[in-house]
Number of protein chains: 2
Amino acid sequence: MSANPIPRISETEWEVMRAVWAGHPATASEIIERLAAADPSWHPKTAKTLLARLVRKAALDYEAQGRRYVYEPLVTERECVAAASASFLERVFGGALKPMLAHFVESRRLSRAELAELRQLLERETPESNRRKS
Amino acid sequence: MSANPIPRISETEWEVMRAVWAGHPATASEIIERLAAADPSWHPKTAKTLLARLVRKAALDYEAQGRRYVYEPLVTERECVAAASASFLERVFGGALKPMLAHFVESRRLSRAELAELRQLLERETPESNRRKS
DNA sequence: CTTATACGCTTACAATTGTAAGCCATGAGT
DNA sequence: ACTCATGGCTTACAATTGTAAGCGTATAAG
C-alpha cells in the first residue's frame with residue numbers, strides 16, 4: 001500500500017477520505033452519515049460522486065457486496081497527511097519549518113497541558129539530534 | 001487593508017503572491033524574474049495571466065506607469081498565511097493543533113538551535129496562559 | 001528607418017472540482 | 001404483486017485552475 005503514488009486530493013475530497021479513514025471498510029451510506037454528522041449540508045449524491053472519483057484516482061477501492069459497495073482506502077491517512085503537510089509548508093512558508101511552527105503556536109492559545117506535551121516532544125527530539133552528530 | 005475579505009488563492013497563485021510579497025511595488029517582469037529564479041519552468045505568459053486573475057480576485061492591485069504595470073498586494077502575507085493555515089489545519093488534522101505540531105516536529109530533524117528556539121517560544125507562551133486563568 | 005523586444009489584453013483549451021439530477025436495477029414493506 | 005426506498009452509474013453544468021498563444025501597440029536597439 002505504501003508503494004502507491006499519493007494521488008492529488010482536493011479539499012472536499014479530503015473530507016470524504018477522512019470519513020473513510022475514520023472507519024473502514026465502510027459502505028457509502030456509512031460514509032455519507034459521517035459526513036452529514038460533521039456538516040449537514042452534504043448531499044448524498046455529491047458524496048457518491050466524490051467516492052467514485054476517489055476510486056478513479058486510486059485513493060479508494062471498493063468491494064461489491066450485492067449492490068452495496070464497501071470502500072477501503074488505498075492510501076493511508078499518514079501518507080496523505082505527510083504529502084499535504086509538505087505541500088502546505090512549501091507553498092505557504094517556502095519550506096521554512098520554524099516560522100510555520102511559530103505561527104501556529106502564536107496563533108492559538110495552547111493549554112498548559114498542551115504546552116507541556118509539546119515541550120516533552122521537543123525534549124524527546126534532542127537525543128536523536130545528538131545521535132546524528134556522532 | 002485588513003478589511004478586505006481574503007480571496008481564495010490557488011497553489012500556483014500562492015507562488016505569484018509570494019513573489020509579489022517578496023518586494024513590492026513590483027513590475028510584472030520583476031515578478032516573473034523572481035518566479036523563474038525559483039523555478040525555471042515558469043512561462044511569462046502564465047505568470048501574467050495569474051497576475052491578471054489575482055487582480056480580478058482583489059488580491060493584487062496595480063498602477064499603470066506608462067505601459068508597465070506596477071503591482072501591489074491588496075492582502076497581506078500575514079492574513080493569507082493565517083487563512084491558509086487555518087484551512088489546512090481543519091482539512092488535514094480536523095482542527096487538532098497538537099497532532100499537527102507533533103507531525104511536523106517528528107517529520108523533520110530539527111537542529112539544536114531550532115529546538116532551543118522553539119522551546120523558548122513555548123516558554124514565552126506560558127505567562128500568557130497563566131494570565132488567562134486569573 | 002527598420003527590426004526586435006516588451007507590454008498587457010484577449011482568447012483558448014483541457015483538466016479539475018463541487019454540485020446534483022436522471023436512470024435503471026434491486027431490495028424492503030404492504 | 002405493487003409501490004416506494006435505496007444503491008451506484010451516467011450525465012450535466014458552471015466555476016476554477018494551469019498553461020500559453022495571438023494580437024496590437026509602444027519602446028528600445030541597431
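Proteins get letters first, then strands, A, B, ... in listed order; numbering begins at 1 in each. Worth saying up front: this structure is predicted, and the values here are computed from it rather than measured.
A donor-acceptor contact shorter than 3.5 Å links the side chain of Thr49(A) to the backbone of Lys45(A). Here the side chain of Arg34(B) pairs a donor or acceptor atom with the backbone of Gly23(B) at under 3.5 angstrom. Between the side chain of Arg56(A) and the backbone N or O of Leu51(A) there is no donor-acceptor pair closer than 3.5 Å. When atom types are taken as modelled, the side chain of Arg18(B) and the backbone of Val92(A) share a donor-acceptor pair closer than 3.5 angstrom.
Ion pairing between Arg68(A) and Glu30(A) fails under the 4.0 Å rule for side-chain N and carboxylate O.
Comparing Lys48(B) and Arg53(B) by the nucleotide of DNA chain C whose heavy atom lies nearest to each, the residue mapping closer to the 5' end is Lys48(B). Summary of the strand contacts: Gly66(B) and Ile9(B) both lie near DNA chain D, and taking for each the nucleotide with the nearest heavy atom, the more 5' one is attributed to Ile9(B). Each of Thr27(A) and Lys57(B) has a nearest nucleotide on DNA chain D; the 5'-most of these lies closest to Thr27(A).
Nucleotides of DNA chain D that come within less than 4.0 Å of any heavy atom of chain B span, from the 5' end to the 3' end, dT17(D) to dT27(D).
Between the side chains of Thr76(B) and Glu79(B), a donor-acceptor pair is found at a separation under 3.5 Å.
Look at Tyr69(B) and you'll find a side-chain N or O under 4.0 angstrom from OP1 or OP2 of dC9(C).
No more than 12 heavy atoms of other residues, nucleotides or ligands shown are found within 6.0 angstrom of NZ on Lys98(B).
Residues from residues 31-46 of chain B with heavy atoms under 4.0 angstrom of DNA chain D, sorted by number: His43(B), Lys45(B), Thr46(B).
At least one side-chain heavy atom of Pro73(B) sits under 4.5 Å from a side-chain heavy atom of Trp21(B).
As judged by a 4.0 angstrom heavy-atom cut-off over every strand, Ala28(A) is placed among residues touching the sugar-phosphate backbone only.
With dG27(C), dC9(C), dC7(C) as the candidates, the nucleotide lying closest to the side chain of Arg67(B) is dC7(C).
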